[in-house]
S.K.: 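Pasting a structure here, questions to come.
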Amino acid sequence: QVQLVESGGGLVQAGGSLRLSCAASGRTFSSPVMGWFRQAPGKEREFVSSISPSGGRTSYSDSVKGRFIISRDNAKNTVYLQMNSLKPEDTAVYYCAARRLAIVGPGPYDYWGQGTQVTVSA
């Protein structure tokens, strides 16, 4: 079993920044594609960003392009999501995910964290 644990969420005013972290543990493959999704109340999970095993390729949803940056530190088994210029519409539970498919982007992922709340006030 692969365990993914998110951290770094919180309450931020519009225009502020947060950095989310996702620590992987347990039975995990060497270098999976990692991703971030988010889910607001009453809505389905939405793809946010993903990153290739080496970190050389990334993908972002149109709503966060230019504002969010995904990165990873494989030595620490950790992936990050730097969120800048936050907007109230970014408010959601953010989930870390991983998949064996070696392609970045949306779609199905194999493993999921429990999520961390991000709230952006106007």
Side-chain angles (χ1 to χ4, degrees):
Q1 183 179 6
V2 174
Q3 296 182 18
L4 304 174
V5 180
E6 305 93 337
S7 63
L11 175 63
V12 194
Q13 290 188 332
S17 298
L18 279 176
R19 190 183 76 158
L20 305 182
S21 298
C22 173
S25 63
R27 184 186 299 176
T28 183
F29 37 93
S30 58
S31 301
V33 169
M34 303 293 294
W36 288 95
F37 291 72
R38 65 187 182 185
Q39 185 172 27
K43 296 185 178 180
E44 294 187 337
R45 289 186 184 183
E46 170 192 19
F47 171 77
V48 176
S49 182
S50 65
I51 187 168
S52 63
S54 67
R57 186 176 182 182
T58 59
S59 179
Y60 298 92
S61 66
D62 290 339
S63 62
V64 306
K65 285 181 180 177
R67 299 188 299 121
F68 291 9
I69 302 172
I70 190 171
S71 63
R72 66 190 298 164
D73 185 340
N74 289 335
K76 297 181 179 179
N77 292 320
T78 302
V79 63
Y80 306 95
L81 184 67
Q82 178 66 46
M83 304 184 295
N84 302 313
S85 301
L86 283 163
K87 306 174 181 179
E89 49 263 45
D90 294 319
T91 295
V93 176
Y94 283 71
Y95 296 90
C96 177
R99 71 179 177 188
R100 298 182 182 274
L101 180 67
I103 301 176
V104 299
Y109 281 67
D110 302 308
Y111 310 101
W112 295 86
Q114 281 66 55
T116 184
Q117 177 70 47
V118 173
T119 302
V120 184
S121 62

S.K.: Would you check, one step at a time, whether the test side chain to side chain contact (heavy atoms under 4.5 Å, CB included) holds for L20 with V118?
M.R.: CA-CA 9 Å; L20 305 182; V118 173; 4.0 Å; yes
S.K.: Under the 3.5 angstrom rule, does the side chain of R67 hit a backbone N or O of S63 as a donor-acceptor pair?
M.R.: yes
S.K.: With distance as the sole test, does N74 use its side chain to make a donor-acceptor pair with the main-chain N or O of S54 at under 3.5 Å?
M.R.: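 No, the answer is negative, given that no donor and acceptor are paired below the 3.5 Å cut-off.
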S.K.: Should C96 and V79 count as side-chain neighbours, where that means a heavy-atom distance under 4.5 Å?
M.R.: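 SC-SC contact between C96 and V79 confirmed.
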S.K.: Check the orientation of F37 and F47. Use parallel for under 30°, tilted for 30 to 60°, and perpendicular for over 60°.
M.R.: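 If you compare the ring of F37 with that of F47, the planes turn out perpendicular.
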S.K.: What are the two closest non-hydrogen atoms of P88 and A14, and how far apart are they?
M.R.: CD-CB, 4.1 Å
S.K.: Using modelled atom types only, decide if a donor and an acceptor are shared between the side chain of T91 and the backbone of V120 within a distance under 3.5 Å.
M.R.: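 A pair under 3.5 Å: yes.
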S.K.: Is it true that K87 and D90 have a side-chain N and a carboxylate O under 4.0 angstrom from each other?
M.R.: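 Salt bridge flag = no for D90 with K87.
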S.K.: Can you hop from V48 to L18 via hydrophobic side chains spaced under 4.5 Å?
M.R.: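 V48 and L18: one cluster.
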S.K.: Output the distance between atom CZ (R57) and atom CD1 (I51), rounded to the nearest 0.5 Å.
M.R.: 12.0 Å
S.K.: Check whether the side chains of R38 and Y94 place a donor and an acceptor atom closer than 3.5 Å, and report yes or no.
M.R.: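 Side chains of R38 and Y94: pair found under 3.5 Å.
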S.K.: With heavy-atom distances below 4.5 Å as the criterion, would you say the side chains of E6 and W112 are in contact?
M.R.: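 Side chain of E6 against side chain of W112, heavy atoms only: no contact under 4.5 Å found.
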S.K.: More than 12 heavy atoms of other residues, nucleotides or ligands under 6.0 Å from CD of E89: is that the case?
M.R.: yes
S.K.: Tell me every residue that passes side-chain hydrogen bond (donor to acceptor under 3.5 Å, both in side chains) with Q3, counting only those two or more places apart in sequence or in another chain.
M.R.: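 Partners of Q3 by the side-chain hydrogen bond (donor to acceptor under 3.5 Å, both in side chains) criterion come out as none, since no residue qualifies.
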S.K.: Do Y95 and T116 have side-chain heavy atoms sitting under 4.5 Å apart?
M.R.: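 Not in contact.
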S.K.: Does any donor atom in the side chain of Q117 or T119 lie under 3.5 Å from an acceptor atom in the other side chain?
M.R.: yes
S.K.: With heavy-atom distances below 4.5 Å as the criterion, would you say the side chains of C22 and M34 are in contact?
M.R.: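 Yes - at least one pair of side-chain heavy atoms lies under 4.5 Å apart.
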S.K.: I'd like to know if the side chain of R72 reaches the main chain of K76, judged simply by a donor and an acceptor atom lying under 3.5 Å from each other, with no hydrogens or angles considered.
M.R.: no
S.K.: Distance from R100 atom CZ to D110 atom CG, nearest 0.5 Å?
M.R.: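 Answer rounded to 0.5 Å: 7.0 Å.
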S.K.: Output the distance between atom CG (N77) and atom OG (S25), rounded to the nearest 0.5 Å.
M.R.: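 Reported value, rounded in 0.5 Å steps: 8.5 Å.
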S.K.: Heavy-atom distance under 4.5 Å between the side chains of L81 and S49, does that happen here?
M.R.: yes
S.K.: Under a 3.5 Å threshold, yes or no: a donor from one side chain and an acceptor from the other, between Y109 and R45?
M.R.: no
S.K.: Does some side-chain heavy atom of T58 sit less than 4.5 Å from a side-chain heavy atom of S52?
M.R.: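 Not in contact.
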S.K.: Taking side chain as C-beta onward, heavy atoms only, is I70 less than 4.5 Å from W36?
M.R.: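 Sidechains of W36 and I70: in contact.
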S.K.: To the nearest 0.5 angstrom, please state how far the CG atom of N84 sits from the CD1 atom of I69.
M.R.: 6.0 Å
S.K.: Give the minimum heavy-atom separation between S85 and S17, together with the two atoms involved.
M.R.: N-OG, 4.3 Å
S.K.: Is the backbone N or O of V93 less than 3.5 Å from a side-chain atom of Q39, with the two atoms forming a donor-acceptor pair by type?
M.R.: no
S.K.: How close do V33 and S50 get, heavy atom to heavy atom, and via which atoms?
M.R.: CG1-CB, 4.3 Å
S.K.: With distance as the sole test, does Q82 use its side chain to make a donor-acceptor pair with the main-chain N or O of F68 at under 3.5 Å?
M.R.: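 No; judged by distance alone, with no hydrogens or angles, the pair does not exist.
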S.K.: Testing the 3.5 Å rule here: is there a donor-acceptor pair between the side chains of D73 and T78?
M.R.: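 Absent: no donor and acceptor within the cut-off.
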